[in-house]
Amino acid sequence: MATYLFGSLTVQIEQGDLTRQKVDAIVNAANKHLQHGGGVAGAIVARGGSIIQQESNEWVHLHGPVTHNHPAITGPGSLFCKYIIHAVGPIWGEGAEVDKLICTIKSSLLTANDLKCKSVAFPAISTGIYGFPVKLASECFLHAIEQFSKEATLLFLETVKIVLFDTGTLQVFLDTFSTGL
Ligand code: ADP
């Protein structure tokens, strides 16, 4: 695990399984209809239970499709967290992907802070099924976290974990955070 400081915010980057994180909130890499079929979303429902899909369906029924700047929130099912923040990253090729990914990450951080979470764990949003290049995604994470740490007032959030599934993705994120932008 590697640790980086952004003001009072600690960022931890490690290899692991998001669904096993003991944090206040985990961030899901969701689609806008919150149909949690594959990737990390599928793993969350497989481990946390179908109640997460049911609550997600209710959220979409009430609010409509999820946007980059307004993630959905559900309970954790049987996972070891208090909330799941369902964030929707951009699909590579749809346009303005960098701005959209930064927006997705910042809105998830703000949501976790609004929920008074002290810790939140992210996967590498958009870099799986959505095809976003990993190096660019790692730079979006660095940028979004830097901006959030400077702009946010009344910071409840203390720890941001980035949990990467595979060694290659981990290495790219470590390089980016070690050298800066
Ligand atoms: P997206 O549709 O936003 O691209 P994916 O779920 O396909 O989302 O992939 C996002 C990232 O999450 C990928 O790097 C993928 O390898 C990773 N991933 C998949 N399962 C897990 C897991 N259980 N824990 C952490 N990361 C995961």
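Computed from heavy atoms alone, side chains included, the values below leave out hydrogens, waters and symmetry copies. Just follow the structure's listing: the first ligand is 1, and inside any ligand the first atom is 1.
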Peer 1: Are D24 and K82 close enough for a salt bridge, meaning some N to O gap below 4.0 Å?
Peer 2: yes

Peer 1: Can we call the ring centroids of W59 and H70 under 6.0 Å apart?
Peer 2: yes

Peer 1: Just by modelled atom types, is the V163 backbone N or O under 3.5 Å from a matching donor or acceptor in the Q21 side chain?
Peer 2: no

Peer 1: Using a cut-off of under 3.5 Å, which N/O atoms of ligand 1 pair up with protein N/O atoms, and what distance separates each pair?
Peer 2:
from     : atom 1 : to   : atom 2 : distance (Å)
ligand 1 : 3 (O)  : S126 : N      : 2.8
ligand 1 : 4 (O)  : S126 : O      : 3.4
ligand 1 : 4 (O)  : G128 : N      : 2.9
ligand 1 : 4 (O)  : I129 : N      : 3.1
ligand 1 : 4 (O)  : Y130 : N      : 3.0
ligand 1 : 6 (O)  : V40  : N      : 2.7
ligand 1 : 7 (O)  : I129 : N      : 2.8
ligand 1 : 14 (O) : T127 : OG1    : 2.9
ligand 1 : 23 (N) : D17  : OD1    : 2.8
ligand 1 : 24 (N) : L18  : N      : 2.9

Peer 1: Under 3.5 Å, is there a donor-acceptor pair between the side chain of S149 and the main chain of E146?
Peer 2: yes

Peer 1: Decide yes or no on side-chain contact (heavy atoms from CB on, under 4.5 Å) for L136 and W92, but give the supporting numbers first.
Peer 2: CA-CA 11 Å; L136 200 52; W92 187 253; 3.7 Å; yes

Peer 1: Identify every side-chain donor-acceptor pair in residues 83-91 under 3.5 Å, counting partners at least two apart or on other chains, and give the distances.
Peer 2:
from : atom 1 : to  : atom 2 : distance (Å)
H86  : ND1    : N28 : ND2    : 3.1
H86  : NE2    : T74 : OG1    : 2.9

